[in-house]
Amino acid sequence: MGLSNLPKLSEVLLRHGLPTDTPAVAVERGTMPGQRIVFSEFGDFPQKVEESGLKSPTLLIIGRVVALSKKWQQFVAEAETESTPVTEDIAA
C-alpha cells in the first residue's frame, strides 16, 4: 500500500513544506533474506524507489532519523560523486 501511494504521499508532503533534501529510505523485505534498501533525498524518493523495482512489503521511512544510519553517510558520499541511489541487496 505504501509503495502504490508514494507518489501522492510525496506530493502532499512537499506541498505542506517537507524539504526536498529530507532523508528517506525504502526497505523491502526488512530483516529477511533478499532485503533491499534504497536511500534518497525526499525530492527524488518516488522516482528512485520506482527505478529500483522494489515490491511489497516495503517500509518507507522519511525524516531526520534516516540520517542516523551509517548507510545514509555512504549515500551522501556516493551522491557527491554520482547520481546513482544507494541500493543494497542483503543475502542470507
Side-chain angles (χ1 to χ4, degrees):
M1 183 173 189
L3 285 177
S4 63
N5 291 325
L6 182 56
K8 183 173 176 85
L9 173 67
S10 173
E11 179 183 318
V12 170
L13 290 173
L14 291 171
R15 187 172 59 237
H16 285 20
L18 185 70
T20 57
D21 64 348
T22 300
V25 63
V27 183
E28 176 189 77
R29 293 187 306 269
T31 74
M32 303 291 291
Q35 172 182 302
R36 296 192 304 154
I37 58 175
V38 175
F39 285 90
S40 175
E41 290 185 342
F42 192 70
D44 299 324
F45 193 50
Q47 176 186 353
K48 299 299 183 187
V49 170
E50 182 178 344
E51 289 172 358
S52 72
L54 296 181
K55 305 288 183 209
S56 291
T58 297
L59 177 64
L60 305 175
I61 306 168
I62 302 163
R64 294 183 306 186
V65 67
V66 174
L68 298 175
S69 169
K70 291 179 184 176
K71 293 184 189 317
W72 175 257
Q73 301 306 318
Q74 176 189 349
F75 162 75
V76 170
E78 289 179 10
E80 292 175 355
T81 60
E82 59 182 82
S83 61
T84 306
V86 172
T87 302
E88 181 180 75
D89 293 324
I90 299 175

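All values reported here derive from a predicted model rather than from experimental measurement.
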L54 pairs by side chain to side chain contact (heavy atoms under 4.5 Å, CB included) with which of V27, V38, L60? V38
According to side-chain contact (heavy atoms from CB on, under 4.5 Å), who are the partners of A24, at least two apart in sequence or on a separate chain? F42, F45, I62
Approximate separation, where rounding is to 0.5 Å, of [X] [atom1] and [Y] [atom2]:
X	Y	atom1	atom2	answer
F39	D44	CZ	CG	15.0 Å
Q47	S52	CD	OG	11.0 Å
R29	T58	CZ	OG1	8.0 Å

Does E50 reach the main-chain N or O of P46 with its side chain, forming a donor-acceptor pair under 3.5 Å? no
S69 (side chain) donor-acceptor with V66 (main chain) under 3.5 angstrom: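 No; judged by distance alone, with no hydrogens or angles, the pair does not exist.
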Per-pair distances, 0.1 Å, donor-acceptor, side chain in residues 6-22, under 3.5 Å, sequence neighbours excluded:
unit_1: E11; atom_1: OE2; unit_2: R15; atom_2: NH1; d: 3.4
unit_1: T22; atom_1: OG1; unit_2: P19; atom_2: O; d: 2.7

Sub-4.5 Å side-chain heavy-atom contact between P23 and F75: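 No; the side chains remain at least 4.5 Å from each other.
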side-chain hydrogen bond (donor to acceptor under 3.5 Å, both in side chains) partners for Q73, two or more places apart: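 Partners of Q73 by the side-chain hydrogen bond (donor to acceptor under 3.5 Å, both in side chains) criterion come out as none, since no residue qualifies.
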Heavy-atom pair of closest approach, residues K55 and R36: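 Heavy atoms only, the tightest pair is N-NH2, 4.4 Å.
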